[in-house]
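Step one of this worksheet: look at the structure below.
These numbers were taken from a predicted model, which means no experiment stands behind them. No hydrogens, no waters, no symmetry mates; every other heavy atom, side chains included, goes into these values.
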Protein chains: 2
Amino acid sequence: METEDCRVREVLDKVGDKWSVSVIGVLGRETRRFSEVKRAIPGISQRMLTVTLRALERDGLVTRTVYATVPPRVDYALTALGLTLLDSAWPLMNWALDHVGEIDKARDAYDRQRPEVPPQQP
Amino acid sequence: METEDCRVREVLDKVGDKWSVSVIGVLGRETRRFSEVKRAIPGISQRMLTVTLRALERDGLVTRTVYATVPPRVDYALTALGLTLLDSAWPLMNWALDHVGEIDKARDAYDRQRPEVPPQQP
DNA sequence: CAGGATCCCGAGCGATACTG
DNA sequence: CAGTATCGCTCGGGATCCTG
């Protein structure tokens, strides 16, 4: 954890950013249209979906296929590289799922110990 | 990837944030003092190290031990939970290390295809 | 030595409106 | 349908100064 660790962190930042994981998870092993991905991720704005997909495409993690139809249609899918990322991220995603409860409990315990600006009524 | 996915993302955000991974990596299986961790992570400010460590402690991932000596001394170490996180994160960290090169290449190729505001001299 | 308190800038992102 | 363009706000986080 020293010198080129920053490069790792850069990649981890990407995985950790607000939407990339969700998008990669939704794509999984199937090809999806823009609107399908959007519908599959409740809170995302079309802007952030576009931005996120562009970034993933730029990094060689997803492919973008445009069909010159009317109305337009664009398909997204994970590349081979993207699939290896998905596989490598699985353990961590599972960890998150498995331990959310523990984390919540730890957090509550921690918060109960420190008053931290006890509620006032302004 | 639908409803409680947001909880997973919340945890992933934590892992993906700017310093958590580095801190967890530095702690690894050994106890370290505040200043040791700080020195092991080049770019970090003491403020962000404090903030990051507090968040990890709150989530039950690291323990904080204060010695009432002069000068003061504070030790940090991963909890059992933190260790399971470290293990689960390994595959992803390795993936990042192994594929940084590929990502850079993909990025360069992508950028070379789109002019994207060709350099001007203002 | 370990960290609390402030100030402050800019990236990140949501909301909205327009287009091929 | 699948974007692009703008505006504006939030807040992450760096710099700096102070303390037990």
Counterpart residues, side chain to side chain donor-acceptor pair (under 3.5 Å), relative to Asp104(B) (two or more places apart): Arg7(A)
Non-neighbouring partners of Ser35(B) that pass side chain to side chain donor-acceptor pair (under 3.5 Å), sequence neighbours left out: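 With sequence neighbours excluded, Ser35(B) shows a side chain to side chain donor-acceptor pair (under 3.5 Å) to no residue whatsoever.
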Rounded distance (nearest 0.5 Å) linking atom CG of Leu86(B) with atom CG of Leu81(B): 11.5 Å
Degree of bending, the helix from dC1(C)-dG20(D) to dG20(C)-dC1(D) (end axes from five pairs; round to 10°):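 Both end axes considered, the difference amounts to 50°.
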Sugar-phosphate only, base, or nothing, as touched by Tyr76(B) at under 4.0 Å among non-hydrogen atoms: sugar-phosphate
Anything under 3.5 Å between a protein N or O and an N or O of nucleotides 17-20 of chain C, put it in a table, one pair a line.
{"residue": "dA17(C)", "atom": "N6", "partner": "Gln46(A)", "partner atom": "NE2", "Å": "3.4"}

Table of protein N/O atoms under 3.5 Å from nucleotides 9-14 of chain C N/O atoms:
{"residue": "dG14(C)", "atom": "OP1", "partner": "Lys18(A)", "partner atom": "NZ", "Å": "3.1"}
{"residue": "dG14(C)", "atom": "OP2", "partner": "Ser45(A)", "partner atom": "OG", "Å": "3.4"}
{"residue": "dG14(C)", "atom": "N7", "partner": "Arg47(A)", "partner atom": "NE", "Å": "3.4"}

Which residues share a salt bridge (Lys or Arg N to Asp or Glu O under 4.0 Å) with [X], sequence neighbours left out:
| X | answer |
| --- | --- |
| Asp108(A) | none |
| Arg107(B) | Glu10(A), Asp59(A) |
| Asp98(B) | none |
| Asp13(A) | none |

Flag, side chain of Ser20(B) to backbone of Lys14(B), donor-acceptor distance under 3.5 Å: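 Such a contact is found between Ser20(B) side chain and Lys14(B) backbone.
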Contact list for residues 77-88 of chain A, test side chain to side chain donor-acceptor pair (under 3.5 Å), sequence neighbours left out: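 Passing the test, one end in residues 77-88 of chain A: Arg29(A)-Asp87(A), Thr84(A)-Trp95(B).
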DNA chain D: 5'-most and 3'-most nucleotides touching chain B, 4.0 angstrom heavy-atom criterion: dG13(D) to dG20(D)
With sequence neighbours excluded, residues passing side chain to side chain contact (heavy atoms under 4.5 Å, CB included) with Arg64(B): Arg54(B), Glu57(B), Val66(B), Val74(B), Tyr76(B)
